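Below: the structure, in structure tokens.
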Amino acid sequence: MAERMKGERVVFERGIPAFMMGIDGTWRRNCTIEDVSETGAKLTVEGSVEGLHLKEFFLLLSSTGLAYRRCELAWVNGDQIGVTFLKQGKKKASKRAAAEA
């Protein structure tokens, strides 16, 4: 698993409470951020992730949703998942490149 982790990671001794939410807002799960880097994080999820659309979702860092990161699933191991942070404008850039081709 260590090979998958890129960048320098900050490990939280007790974890940081957060929420996962579907891009369309149809689902939400409590989770704990176990560690984080510039490119991603390891989360422990409360409840099942089965059936959830995890290709792309929000990691809400505040209860109001004002602080968040857009994520995609990298790996699953029991109740823990690895997420990759999506860069802002990543989708737009790829659409622009396709239009120019």
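Just so we're clear, the structure is a prediction, and the values are computed from it rather than from any experiment.
- The distance from atom CD1 of I81 to atom CG of L59, rounded to the nearest 0.5 Å, is 8.5 Å.
- Expressed to the nearest 0.5 Å, how far CH2 of W75 lies from CD of Q80 amounts to 5.5 Å.
- No salt bridge links E46 with R29; every basic N to acidic carboxylate O contact stays at or beyond 4.0 Å.
- Below 30°, between 30° and 60°, or above 60°: for F58 and Y68 the angle between ring planes is above 60°, a perpendicular geometry.
- Across P17 and G15, no two heavy atoms sit closer than the pair CD-O, 4.0 Å.
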Quick one: do R69 and L86 satisfy side chain to side chain contact (heavy atoms under 4.5 Å, CB included)? Show the steps, please.
-> CA-CA 8 Å; R69 292 298 304 258; L86 297 174; over 6 Å; no
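- Follow the hydrophobic side-chain contacts under 4.5 Å out from L60 and you never reach F57; the two are in separate clusters.
- Cluster annotation: V76 and V36 are assigned to the same hydrophobic cluster (Ile/Leu/Val/Met/Phe/Trp/Tyr, side-chain heavy-atom contacts under 4.5 Å, transitive).
- One finds the CG atom of L73 at 10.5 Å from the CG atom of L52 (value rounded to the nearest 0.5 Å).
- Minimum interatomic distance between A67 and S62 (heavy atoms only, all atoms of both residues): N-OG, 3.4 Å.
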Given side chain to side chain contact (heavy atoms under 4.5 Å, CB included), test W27 with V49 step by step and report yes or no.
-> CA-CA 10 Å; W27 61 268; V49 295; over 6 Å; no
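- Between T32 atom OG1 and F19 atom CZ the span is 10.0 Å, to the nearest 0.5 Å.
- Closest of all the heavy-atom pairs between F85 and C71 is CD2-SG, 3.7 Å.
- Not counting sequence neighbours, F12 has no partner by the ring pair (Phe, Tyr, Trp, His ring centres under 6.0 Å) test.
- Under a hydrophobic-cluster definition in which Ile, Leu, Val, Met, Phe, Trp and Tyr are linked whenever side-chain heavy atoms come within less than 4.5 Å, directly or via other members, L54 and M21 are assigned to different clusters.
- A continuous path of ILVMFWY side-chain contacts below 4.5 Å connects I33 to V10, so both sit in one hydrophobic cluster.
- In this structure the side chain of R70 reaches within 4.5 angstrom of the side chain of I23, judged on heavy atoms.
- Grouping Ile, Leu, Val, Met, Phe, Trp and Tyr by side-chain contacts under 4.5 Å, direct or through others, leaves L66 on its own.
- For the atom pair CG (N30) and OG1 (T44), the distance works out to 12.5 Å, reported to the nearest 0.5 Å.
- Here M20 contributes atom CE and L43 contributes atom CG; the two are 6.5 Å apart, rounded to the nearest 0.5 Å.
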